[in-house]
Every structure is written in C-alpha cells, then in structure tokens.
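Computed over heavy atoms, backbone and side chain alike; hydrogens, waters and symmetry mates excluded. All values derive from a computational prediction rather than experimental measurement. FYI, the numbering just counts along the sequence from 1.
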Amino acid sequence: MRHLLKFLALALVILAVSEGRSMPRCPGGGRPVATSKRVCSCKPVAPRPGKRGSLIFVVDDTGSMGRVITAVRNHIQSIIRANKRFNNYVIATYGDPYRRNVLKTRNAHQALAFLRRVRPHGGGDCPEMALQGVRDAAAAADRNSVLFLFTDASAKDAHLQSSVASLLSSKNIRFFTVASGNLCGRPGNVYKSLATRTRGRFSKLGNAYTKSVMHFIRKAVSGHYSFSVFPRNAGELRRVMSGRCGCRVVRHYKCRGGGGKKPKPPRRCRRGERVSFRRRKVCSCKPVAPRPGKRGSLIFVVDDTGSMGRVITAVRNHIQSIIRANKRFNNYVLGTYGDPYRRNVLKTRNAHQALAFLRRVRPHGGGDCPEMALQGVRDAAAAADRNSVLFLFTDASAKDAHLQSSVASLLSSKNIRFFTVASGNLCGRPGNVYKSLATRTRGRFSKLGMKLASKVMSFIKGAVAGRFSFGVLPRNARELSRVMSGRCGCRFVKIRNCIPSGGPPVRPPVRPPVRPPVRPKPKRCPRGGRRISTKKKVCSCKPVAPRPGKRGSLIFVVDDTGSMGRVIKAVRNHIQASSGRTSASITTFLVRTEIPTTERAQDKERPPGTRVPETRPSSRGWRLS
C-alpha cells in the first residue's frame, strides 16, 4: 500500500508538470514539490480570501436545449446574490453555424436580460461548434476562473482542442461539462480530455437534473461546496447534495532545495507610526537595493519587416551572451510582429531554443509604415511572468493605437516595465503611444539609430548582470556613450520609511556649520629641492592660495584726451579703495590731470578751425604748451 501511495504521488507531480499548472516560484534555485493529502469533505480546502476570476456559462442554444436554458435563466440571479468567490460573470451561447455571442458583466439584471434574449432554435445535425464558444468565453474571462459547458451534442470543431486546452491552462481556467444528452452517440472524449487537463470534471446528467446542478453551483460560489466534488452522475449528485462527499486527494506545493533565501517582506510600522516615502537622489549606474534571486521575464518584441534586418541580426548575435550573463530573470519571452499580424511568441529558459527561434525570423514585407506593434506587445506580455521588463524594437509607429489603454492596463497589472528602442523616424510621427506606455510603466523611450543596435544589446547584457539599472537606459547616442563608460546622470528613487503618525514629521537634527580648513603656508623647499608647478581646475572667483605680504607694483596707464574725462574720474574715485591705503602723491597726480574749467570755456569761445594747443608733461605734472 505504501508503494502504491508513492506511485500515485509521483504520477500527480508528473501530471502537474506536464500540464503546466500554476506552481509557487521558489527563490534561490529551489524547486516546487507536490505533496498529496486525502480530504473527505464537501467544503473547499484552504479557500483563498477575497474574490477573483470569472464564473463562466457556455450554453448550447439549439432547439433541444430549451429546458437547460430556462433553468440557467431562473437561477442566475440567486447565484449572483450568493457569490463570494468570483469577480464577474461571462455568459456565452453557440450553435451551428457559429455566431459569437458573449457577455461579461457584474450585474445580475444585465445577465438576466442577456439570457431572456436567448431563444432555442435550429439543431437537427447533432455535432455543434462547442469549442469555438468555449474559446471566445475563455478569452473574455479573467485568470483563475471556472467554466461550465451545458450541451447535449459532441464537438464539431474538435481540431481546436489543443489551442483551447493551451488557452485554458495559460489562464488557469477549470473546465466542467454538463452533458444532458447522448452526445450524438459518441463518448465525449474531447470534453473529458479538457476536463482532465484543467482539473475539471465531465458530468453526464439528464435534463431532469439541471435544477439540482444549478443549486450545486449556487452552493459552490457561496463557499459551501468545492468545485472538485462536482457530481459525475445522478447517484453522486444525491450524495453531494446531502453532504456525504467521497474522499479525494488534493495537492499542496512546497519549495525544496536552493541556497538562496526568500526575500523578506517590507517591515511593518510599529504602533503609532505610519509609512512615509521620500525621494533619494542617486548618481550611479547600478540598481538601488536589488532584490535577491531571479524573478520575472526578459521580453524582446521585434518588428520583422524588411527594414529591421540589422536589428534582428544584433538581437540574434547577443541573445546567448545575455542569457549566460543573466542574474535577474527567470525566463525569456521572444515575440515578432508585422502587418498583417500573426502571433509568434516563444517563452523559454534555454538559450538554444531562443537562438533557434530567432534564426527562423526573416525580415520580410513592409512598405506601409504603421505596423501592428501593440498586438505583439500584448501577446508577449500575456505570456510573461509578473515583475518583467519588455523591450520593443521598431522603426514604425503603431497602427493599432486603439489598443493603448488595454495594453497599458495589462502591463500595469503584471508590473511590466516598457522600454522602446526606436531605430527610425516612426513614419514621421513623434511616437506618443510608446512614450505614454513608457511613462505609465516606469520605462523609457529611446531613439537610437540601427548602427547602435549592438551597443544597446551590450547595455541589456550589463543590466541583466547587475552592472546597470534599467532606469538609466540611454535616450540618445550621447547618453549611450556616457552610460557605457559608467558616467550616469543623477535620478530620484523612492525610499520607504516609518515615521511617527501624530504631529508634524520629525525633522533631522541641525548640524553646526563646518568651518573651512585653514590653508597651510607654503613650505620652503629644502636644500637641493626645487618647486614644480601643477595645473588645477578652479571654478571660483577667489584666488587660489594667495601669497602673504605685499610685493610688486600696480600700474595704471590712462589716456588723458578730452573724451576720457569720465574714465579718469572713475579711476580717481576708486584708486584709494584698490590701493588699500591713502596715497597723497597718487591723489594729487590724478587731480592735476583733469582739464580746468577755464580751458573748457576757452575751447567753446574759439572760432571753428582754430588750432588747439597741445599738452606736454613737465617735472611738476602736466602743462599747456
């Protein structure tokens, strides 16, 4: 018996890994290990607090499903009133031919009005387009949801099984089927496979039990029942509704191994304190307080049109060295886009897989400048983990700018920083869409030519290795050269502190003013020594190390012609302050240089054309000749 239990536990681990179910992220290179636990209760095991995800109803609206549609319509309001588990509700219908009819709402009246408009019609040919209805409803729903499919026919579009299964697994949606007919005489393997892969169930109950099924769903959304005990037949339905649930095995994940420590959460403030954030000026290229361990995804989204060949080559040549130098991210997401758009996204941890993906990318097309950039960003961000960094390489503006708000919400909800490396003129537009996304997600918009693509990849290599902070991504060629040489500009970062909650904020203590140091007197060189002059850059008006004592002469040479009277007066007024002492001889000399008033009068009385006498120096000063 012990060996059998070990075998079952190992099978559960292998199944969980192969199906890509959500596991905890273990720090420091640890690995998640699944442990099994036997539970004999109808209630959910360790329910998570709060509401999350969507409750999804997908209903076949052909003529034979009238009783089921009426039951769903009659119970939808009571289910919404009893809900303690889901954020919103998604209701969809399908038939053959398929026509999309999906509603996402939180309002019971809107859901009821939607169901009142549904009329059973058509049918006759048994297989229906079930998987298309499931796919559209799952695409509109949130993560961590539960989907109920009500049908009495098999799937006509079984070729969509793999894509629908991938979508359900990526959004962690559990798939439950309520089959109320013979499924066209087929066993319903498509539905069973989807239910097994997403931890759901396949239930075969007739139309007579539809009300009991809706009553079970109402109890499940209120927290009385676990969705894992959903009845598969009429006998199980009676036992569950009476509270007699069979035992089941549930899985728990624990982290084992790994030498790194789990990062500590931010310290809680003590009683009487409150959280305060202050800005700190940082003048360094390195990240401020980097968190230990690896987390998030490094995302590259590249425009694959014909003009981007040089950039694609640079990304391909540097991807292996970036992965080898990485100390920051868990995995890597690569995506390409063009016009028309075709989804091409890879998520991996292997450098060889990333290189093989990029080797298959060939620049092609182009010509019409705007490209479907935001669709490529949206698909890459949806595949990435939280706390990621996304680089968009493009030379064209966004043709799908109407998706800006939804892409911004997706990036913000997953805490993904958005960086744009524009290598062209963006179709002659300023690139406001990219700048807005970068500003909203703490990213940057960088306009660099294709010649600098290799240097940008070298910067990313240094950033993933911890040498640079992503916040100093250069915005032009001049900043790029400064950053690569380690000369980064200053920036402000946010620091969390705890301060007293009552009264004004505590001011830091006032420090006494620091007196400037006394300059030492120059020492005389010993016998045999000599002085050597050195250059020193000084950004001040004061002299550097003035020599003590007075020495030398201060010389003034003044032009004493008639037009220089104002200058002579200014020199006379300031000569005593500049000399530092009263000099009678200098003052007397300057007084005697001024032209007398009588001579000025004589100059006015002289007729025009008369020669003015010249002035010549004498032993007592200046005199007229």
Is there a side-chain contact between Val118 and Val59 in this structure, where contact means two heavy atoms from C-beta onward sitting under 4.5 Å apart? no
So which atom in Ala71 and which in Thr210 form the shortest heavy-atom distance, rounded to 0.1 Å? CB-CG2, 3.4 Å
Do Phe230 and Phe148 make the cut of ring centroids closer than 6.0 angstrom? yes
Counting distance only, does the side-chain N/O of Thr151 pair as donor-acceptor with the main-chain N or O of Ala153 below 3.5 Å? yes
Decide yes or no for Asn387 and Ile416: does some side-chain heavy atom of the first lie under 4.5 Å from some side-chain heavy atom of the second? no
Distance check, rounded to the nearest 0.5 Å: Lys192 atom NZ versus Arg232 atom CZ? 11.0 Å
With rounding to the nearest 0.5 angstrom, report the CG to CG distance, Leu334 to Leu298. 8.5 Å
Which atom names give the shortest non-hydrogen contact between Asn331 and Thr348, and what distance separates them? CB-O, 3.5 Å
Between Ile91 and Gln110, does the side-chain contact (heavy atoms from CB on, under 4.5 Å) criterion hold? Intermediate values first, please. CA-CA 10 Å; Ile91 305 173; Gln110 290 183 1; over 6 Å; no
Rounded to the nearest 0.5 angstrom, the CD1-NZ distance for Ile217 and Lys219 is 14.0 Å
Answer yes or no: is there a donor N or O on one side and an acceptor on the other, between the side chain of Ser436 and the main chain of Val433, under 3.5 Å? no
Is the closest side-chain heavy-atom distance between Lys211 and His75 below 4.5 Å? yes
Is there a side-chain contact between Gln132 and Tyr94, using heavy atoms and a 4.5 Å cut-off? no
Going through the checks in order, is the side-chain contact (heavy atoms from CB on, under 4.5 Å) test met by Ile323 and Tyr332? CA-CA 9 Å; Ile323 293 178; Tyr332 313 91; 3.6 Å; yes
Nearest heavy-atom approach of Thr305 to Pro363 is O-CB, 3.5 Å
Going by an N to O cut-off under 4.0 Å, is there a salt bridge joining Asp385 and Arg295? no
Val421/Leu392 under side-chain contact (heavy atoms from CB on, under 4.5 Å): CA gap, chis, key distance, verdict: CA-CA 6 Å; Val421 182; Leu392 172 65; over 6 Å; no
State, with a plain yes or no, whether a side-chain heavy atom of Arg378 is found less than 4.5 Å away from one of Leu374. no
Can any side-chain N or O of Ser169 pair as donor or acceptor with the backbone N or O of Ser166 at less than 3.5 Å? no
Report the distance from atom SG of Cys184 to atom CG of Asp152, rounding to the nearest 0.5 Å. 7.5 Å
Closest non-hydrogen atom pair between Gln320 and Ala351, with its separation: CG-CB, 4.2 Å
Check for a donor-acceptor pair, side chain of Ser242 on one end and backbone N or O of Arg238 on the other, with a separation under 3.5 Å. yes
For the residue pair Ile460 and Phe393, what are the closest heavy atoms and their distance? CD1-CZ, 4.2 Å
Calculate, to the nearest 0.5 Å, the distance between atoms OG1 and CG belonging to Thr93 and Asp60 respectively. 9.0 Å
Check this for me: Tyr209, atom OH, are more than 12 non-hydrogen atoms of other residues, nucleotides or ligands nearer than 6.0 Å? no
In terms of side-chain geometry, is the basic nitrogen of Arg119 or Asp61 positioned less than 4.0 Å from the acidic oxygen of its partner? no
Just wondering, do Phe227 and Arg174 contact through their side chains at under 4.5 Å, heavy atoms? yes
Atom pair CG (Asn182) and SG (Cys126), whose distance is rounded to the nearest 0.5 Å: 6.0 Å
If we only count heavy atoms from C-beta on, is the Tyr337 to Glu371 side-chain gap below 4.5 Å? yes
List the atom of Lys399, the atom of Pro370, and the distance in Å for their closest heavy-atom pair. CB-CB, 3.7 Å
Side chain of Arg186, backbone of Ser154: donor and acceptor closer than 3.5 Å? no
I'd like to know whether Phe114 forms a side-chain contact (heavy atoms from CB on, under 4.5 Å) with His109, so could you lay out the CA-CA distance, the side-chain angles of the two residues, the decisive distance to 0.1 Å, and finally the verdict. CA-CA 9 Å; Phe114 178 88; His109 300 288; over 6 Å; no
Please enumerate all residues that pass side-chain contact (heavy atoms from CB on, under 4.5 Å) together with Ala408, with sequence neighbours excluded. Leu437, Arg440
Side-chain donor/acceptor of Lys414 to backbone N/O of Ala381, under 3.5 Å: yes
Does Ser54 use its side chain to pair, donor to acceptor, with the backbone of Ile56 at less than 3.5 Å? no
With heavy-atom distances below 4.5 Å as the criterion, would you say the side chains of Val90 and Phe57 are in contact? no
By side-chain contact (heavy atoms from CB on, under 4.5 Å), which residues pair with Asp136, not counting sequence neighbours? Tyr98, Arg100, Val102
Donor-acceptor check, side chain of Lys347 to backbone of Val333, threshold 3.5 angstrom: yes or no? no
Under 3.5 Å: donor-acceptor pair, side chain of Asn83, backbone of Phe86: yes
